[in-house]
Amino acid sequence: GAGVSQSPRYKVAKRGQDVALRCDPISGHVSLFWYQQALGQGPEFLTYFQNEAQLDKSGLPSDRFFAERPEGSVSTLKIQRTQQEDSAVYLCASSSSGTGGFEQYFGPGTRLTVT
Amino acid sequence: QKEVEQDPGPLSVPEGAIVSLNCTYSNSAFQYFMWYRQYSRKGPELLMYTYSSGNKEDGRFTAQVDKSSKYISLFIRDSQPSDSATYLCAMKTQGGSEKLVFGKGTKLTVNP
């Protein structure tokens with residue numbers, strides 16, 4: 001089935017390295033979300049795109065985090081100068097709704113470990 | 001205090017038991033209430049949703065929302081070992097932010 005896919009599934013980075021995480025949403029889905037899930041916690045919102053426009057980045061924890069979706073489809077979450085506290089699962093979700101919808105379909109996540 | 005509170009458990013029940021999971025919240029602007037199921041090393045999967053108050057039933061699952069108490073519940077009847085997972089409640093406002101606000105998740109184990 002054509003669900004949300006994410007790559008890589010696992011990433012180990014040394015502290016201070018930059019990483020890039022990719023999300024392929026369900027084809028045709030307008031909205032794309034990034035969430036961070038720490039161990040034993042629920043997902044926490046990072047940022048939201050409607051097509052190529054980043055409409056909400058209020059959840060990005062610092063200016064080391066940057067997300068883009070230049071053609072309104074694939075998205076990349078970039079983390080610069082990784083720190084140990086960045087270790088988490090990064091989940092991408094997409095939705096066919098623009099605003100006002102609630103159904104978000106999640107990918108399997110990228111597990112980032114910073115050593 | 002977090003906007004959404006959920007007891008992380010863990011919760012362990014025998015097969016066939018009725019399971020009750022719940023969340024409380026503080027933001028009265030929440031209008032959409034969802035339950036997600038997350039298996040180990042997988043992404044969350046939408047199980048059920050309710051708009052505003054009331055009950056909704058889908059097979060062995062029943063979702064309830066009590067907005068006056070800011071309390072939501074998920075009941076699982078005739079629980080099966082395949083129901084073993086982490087259950088996350090999630091909420092969203094209407095007309096405001098598009099983000100979902102999640103609880104911490106409750107880890108459920110159904111023992112055969």
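Quick caveat: nothing in here was measured; it's all calculated off a predicted structure. Below, read A as the first sequence line, B as the second, and so on, with proteins coming before strands; counting in each chain starts at 1. What you see below is based on every heavy atom in this structure, not just the backbone, and it leaves out hydrogens, waters and symmetry mates.
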### Shared hydrophobic cluster, B:Met34 / B:Leu74 (ILVMFWY, side-chain heavy atoms < 4.5 Å)
no
### Summary
Honestly, the part of B:Pro8 sitting under 4.5 Å from a heavy atom of chain A is neither
### Query
Considering all heavy atoms of both residues, which atom of A:Leu91 and which atom of B:Gly43 are nearest to each other, and what is their separation?
CD2-CA, 4.2 Å
### B:Phe102 CZ to A:Tyr35 OH distance, which is reported to the nearest 0.5 Å
5.5 Å
### Query
Quick one: do B:Val101 and B:Trp35 end up in the same hydrophobic cluster if we chain Ile, Leu, Val, Met, Phe, Trp and Tyr together by side-chain heavy atoms under 4.5 Å apart?
yes
## Note on the structure
Between B:Leu88 and A:Gly42, the two heavy atoms sitting closest are CD2-CA, 3.9 Å
### Query
When you look at CD of A:Glu85, are more than 12 heavy atoms from neighbouring residues, nucleotides or ligands closer to it than 6.0 Å?
yes
### Query
Heavy atoms, side chains only, cut-off 4.5 Å: are B:Glu98 and A:Leu55 in contact?
no
### Query
Is there a path from A:Leu21 to A:Phe65 through hydrophobic residues (I, L, V, M, F, W, Y) whose side chains come within less than 4.5 Å of each other?
yes
### Query
Would the number of heavy atoms belonging to other residues, nucleotides or ligands and lying under 6.0 Å from NZ of A:Lys57 be above 12?
no
### Task
Under 4.5 Å, counting heavy-atom pairs only, tell me which of A:Gly107, A:Ala93, A:Gly109, A:Pro43 racks up the most with chain B.
A:Pro43
### Query
Can you tell me how far the CZ atom of B:Arg41 sits from the CZ atom of A:Arg111, to the nearest 0.5 Å?
4.0 Å
### Task
For A:Arg15, look at atom CZ and say whether over 12 heavy atoms of other residues, nucleotides or ligands are found less than 6.0 Å away.
no
### Query
In terms of hydrophobic clusters joined by side-chain contacts under 4.5 Å, are B:Phe33 and B:Phe61 together?
yes
### Task
Using non-hydrogen atoms and a 4.5 Å limit, figure out which bit of B:Leu100 sits close to chain A: side chain, backbone, both or neither.
both
### Query
Which bit of A:Gln50 comes within less than 4.5 Å of chain B, counting heavy atoms only: side chain, backbone, both or neither?
neither
### Message
Side chains of A:Gln37 and B:Gln38 only: does a donor on one sit below 3.5 Å from an acceptor on the other?
### Response
yes
### Query
Would B:Val4 end up clustered with B:Tyr36 when hydrophobic side chains under 4.5 Å apart are linked, directly or stepwise?
no
### Message
Would you compute the distance between atom NZ of B:Lys99 and atom CD of A:Gln104 and round it to the nearest 0.5 angstrom?
### Response
12.0 Å
